[in-house]
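Atoms considered below: every heavy atom in the structure, side chains included; atoms not considered: hydrogens, waters and symmetry mates.
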Amino acid sequence: MEQAKTDLSALVALPSVHGAEPEACAEAAATVVELLAGLAIPGIGREQIQQIETSDGSTTIVAHRDAEGDKPTVLLYSHYDVQPAGDLQAWTASPWELTEREGRWYGRGAADCKGNFVVHLASLRALAELAGDGADPLDGLGLTLVVEGSEETGGGGLDDLVASRPELFAADAICIVDSGNAAVGVPTLSTSLRGTANVTVTVDTMAAGVHSGQFGGAAPDALAALISMLSSLRDPATGATTIDGVDFTGTWSGMPYDENIFRSDAGILDGVEVSNAAPVADLVWARPTATVLGIDCPPVEGAIGAVQPTARALINLRIPPGMDPSAAQDALVAHLEARAAWNARVTCDKGAVAHPFMTSDGASTGSVEALLGEALASAYGAGEVAEIGSGGSIPLTTVLQEAHPAAQIALYGVEDPAAAIHSPDESVDPTEIERIALAQAAFLRAFSSVGR
């Protein structure tokens, strides 16, 4: 764990925001290579580590060793790019320095996803120490490590690499380590991911803004029209998603999400209500929702007395497994166009879509899910492993599933609800790194005895 903290400190110090910090991204990629090359794992040396520039300009690192005989192959995934820090004043300390407070380690990427990459390093180091000098700690298991450089901006580069060179990612088990436990100390497997389908809607009503006193009341206010359209996406009484043609009846069959725990996890203010359209788990893991990510309109500071001629919003549509993202996106566009107040001109630009995902593997004897569940339960001293969904999206998961349909895919990681990923003061509980690494090491040993 001391080495894990040292590794994480070096990685967090690099503001590896893809598309914004090219030098930091290059240094982060080089650091990943050095850390992988330093592992005492036979067959994973510098000569087996590739740095591959992808179509979006990011660098993906792929390290691979072949399996021996009929031994299976495991692919371990994480990413080294991070979200921007955002408002630095909102951070208690520098986002680019790993700091410890009240038992947690803080810094951008500490959990998402540099902390998960450190899990890979720690688990493999533990196996190497157990095996001793000269022995193969993986007992002939094939191993591929994939560390991505643009996941936070969509991961299109790695998606294209999988499509053009699928052989690089061939595996019997694919471990997407970019998720987290239901709570600190609760071993968890994520069994589903929501997909995404973004739409940017622009409303135009006049050639230019006009005096709000002289023309207001009769002039078609583009911002008011946009607000009216956006308000139609949710039922104000229940919070239900109300997009024409988009099903809102899905239910979650796994671990429930207690409303009080959800309130605490989300930081909901006292007295503010949670949607009562369905149980929380249904709403965040099994049903669609539309979130307004941003609006282009005059800010309050410096605003003038004018009726607005144009307004624009970015809508993030999240969809559950079983729903087609392109069809849902088309439904959202049709819904918005049908609600154009005052016959305003509405332009909808469709963003890229990401398909939802659900594990198809049952916990049969020797399966990835069963072995991981046993390893997680043992590492945490727990009787059972929770199964939850994730409202987030990892498009690569579906891409890998399509490229290698026979592979079993599992999702887990160190990003507990208190980690505040994508937000100021992102953090990780180091005991989560320790236990997930221990579980992953145990899983790799167990899976090495499973024939293909």
Under a 4.0 Å N-O cut-off, is there an ion pair linking Glu102 with Arg104? no
For side-chain contact (heavy atoms from CB on, under 4.5 Å), just list the numbers for Val82 and Trp96, CA-CA rounded to whole Å, side-chain angles, deciding distance to a tenth of an Å, and then say yes or no. CA-CA 11 Å; Val82 295; Trp96 312 119; 4.1 Å; yes
Does Gly185 offer a backbone N or O that forms a donor-acceptor pair with the side chain of Glu432 under 3.5 Å? yes
Would you kindly say whether His64 and Gln50 are connected by a side-chain donor-acceptor distance under 3.5 Å? no
Tested for side-chain hydrogen bond (donor to acceptor under 3.5 Å, both in side chains) against Ser16, the lone hit among Glu152, Lys114, Glu21 is Lys114
Say whether Asp235 and Thr242, considering side chains only, have a donor N or O and an acceptor N or O under 3.5 Å apart. no
Can you name the closest pair of heavy atoms from Ile409 and Thr359 and give their distance? O-CG2, 3.6 Å
Partner set under ring-ring contact (aromatic ring centres under 6.0 Å, His included) for Phe443, not counting sequence neighbours: Phe447
Donor-acceptor pair, distance only, cut-off 3.5 Å: does the side chain of Arg263 make one with the backbone of Val272? yes
Check the pair Ile436, Tyr380 against side-chain contact (heavy atoms from CB on, under 4.5 Å), reporting the backbone distance first and the verdict last. CA-CA 9 Å; Ile436 296 293; Tyr380 280 84; 3.5 Å; yes
Do you know which two heavy atoms are closest between Val284 and Phe262, and how far apart they sit? CG1-CE1, 4.1 Å
Applying side-chain contact (heavy atoms from CB on, under 4.5 Å), run through Val307 and Thr205 and close with a yes or a no. CA-CA 10 Å; Val307 180; Thr205 57; over 6 Å; no
Ala313 versus Ile295, closest heavy-atom pair with distance: CB-CG1, 4.1 Å
Would you please say whether a donor-acceptor pair under 3.5 Å links the side chains of His79 and Asp112? yes
Side-chain donor or acceptor of Arg339 paired with backbone N/O of Leu230 under 3.5 Å: no
Heavy atoms of other groups near Arg101 CZ, more than 12 under 6.0 Å: yes
Using modelled atom types only, decide if a donor and an acceptor are shared between the side chain of Asp81 and the backbone of Glu151 within a distance under 3.5 Å. yes
Surrounding CD of Glu384 (heavy atoms of other residues, nucleotides or ligands, distance under 6.0 Å), is the total greater than 12? no
With rounding to the nearest 0.5 angstrom, report the CG to CG distance, Asn198 to Asn316. 4.5 Å
For the residue pair Val32 and Phe117, establish whether any side-chain heavy-atom pair is separated by less than 4.5 Å. yes
Where do Gln408 and Val368 come nearest, in terms of heavy atoms and distance? OE1-N, 2.9 Å
Considering all heavy atoms of both residues, which atom of Ala311 and which atom of Leu226 are nearest to each other, and what is their separation? CB-CD2, 3.7 Å
Side-chain touch Val177/Tyr412, heavy atoms, less than 4.5 angstrom: yes
Compare all side-chain heavy atoms of Leu332 with those of Leu233 and state whether any distance is below 4.5 angstrom. yes
Donor-acceptor pair, side chain of Ser275 and main chain of Thr238, under 3.5 angstrom: yes
Does Ala419 offer a backbone N or O that forms a donor-acceptor pair with the side chain of Glu426 under 3.5 Å? no
Report yes if some heavy atom in the side chain of Ile315 is under 4.5 Å from a heavy atom in the side chain of Leu336; otherwise report no. yes
Is there side-chain contact between Ser78 and His120, with at least one heavy-atom pair below 4.5 Å? yes
After noting the C-alpha distance and the side-chain angles of His335 and Val246, does the key distance pass the side-chain contact (heavy atoms from CB on, under 4.5 Å) rule? CA-CA 10 Å; His335 178 100; Val246 175; over 6 Å; no
Quick check against the 3.5 Å criterion: does Ser58 have a side-chain atom that pairs as donor or acceptor with the backbone of Asp56? no
How about Val146 and Leu396: do any of their side-chain heavy atoms sit closer than 4.5 Å? no
Distance (rounded to the nearest 0.5 Å) between Lys350 NZ and Thr200 OG1: 12.5 Å
Taking C-beta and beyond as the side chain, do Arg108 and Val17 meet within less than 4.5 Å on heavy atoms? no
So that I can tick it off, tell me whether Asp296 and Arg312 are bridged by a salt bridge, with the cut-off set at under 4.0 angstrom between side-chain N and carboxylate O. yes
Angle between ring planes, Trp285 versus Tyr257, binned at 30° and 60°: parallel, tilted or perpendicular? parallel
If you define the side chain from C-beta out and look only at heavy atoms, does anything of Val74 sit under 4.5 Å from Cys175? yes
Strictly below 4.0 Å, N to O, side chains only: are Arg435 and Asp429 in salt-bridge contact? no
Without hydrogens or angle criteria, can the side chains of Glu415 and Asn116 be said to hold a donor-acceptor pair below 3.5 Å? yes
Is it true that a side-chain atom of Asp282 and a backbone atom of Trp252 form a donor plus acceptor pair closer than 3.5 Å? yes
When you measure from the side chain of Asn181 to the backbone of Thr188, do you find a donor-acceptor pair of N or O atoms at a distance under 3.5 Å? yes
Should we count CG of Asn343 as having more than 12 external heavy atoms under 6.0 Å? no
For the residue pair Ile421 and Ala111, what are the closest heavy atoms and their distance? CG2-CB, 4.1 Å
Distance col, row Arg345:CZ vs Thr202:OG1, nearest 0.5 angstrom, shows 13.5 Å
Calculate, to the nearest 0.5 Å, the distance between atoms CG and CD belonging to Leu372 and Gln440 respectively. 8.0 Å
What is the distance from atom CG of Asp221 to atom CH2 of Trp342, rounded to the nearest 0.5 Å? 6.0 Å
Backbone of Ala224 reached by a side-chain donor or acceptor of Ser228 within 3.5 Å: no
Working to the nearest 0.5 angstrom, can you tell me the gap between Thr31 OG1 and Leu36 CG? 11.0 Å
Flag yes if more than 12 heavy atoms outside Glu167 fall under 6.0 Å of its CD atom; otherwise flag no. yes
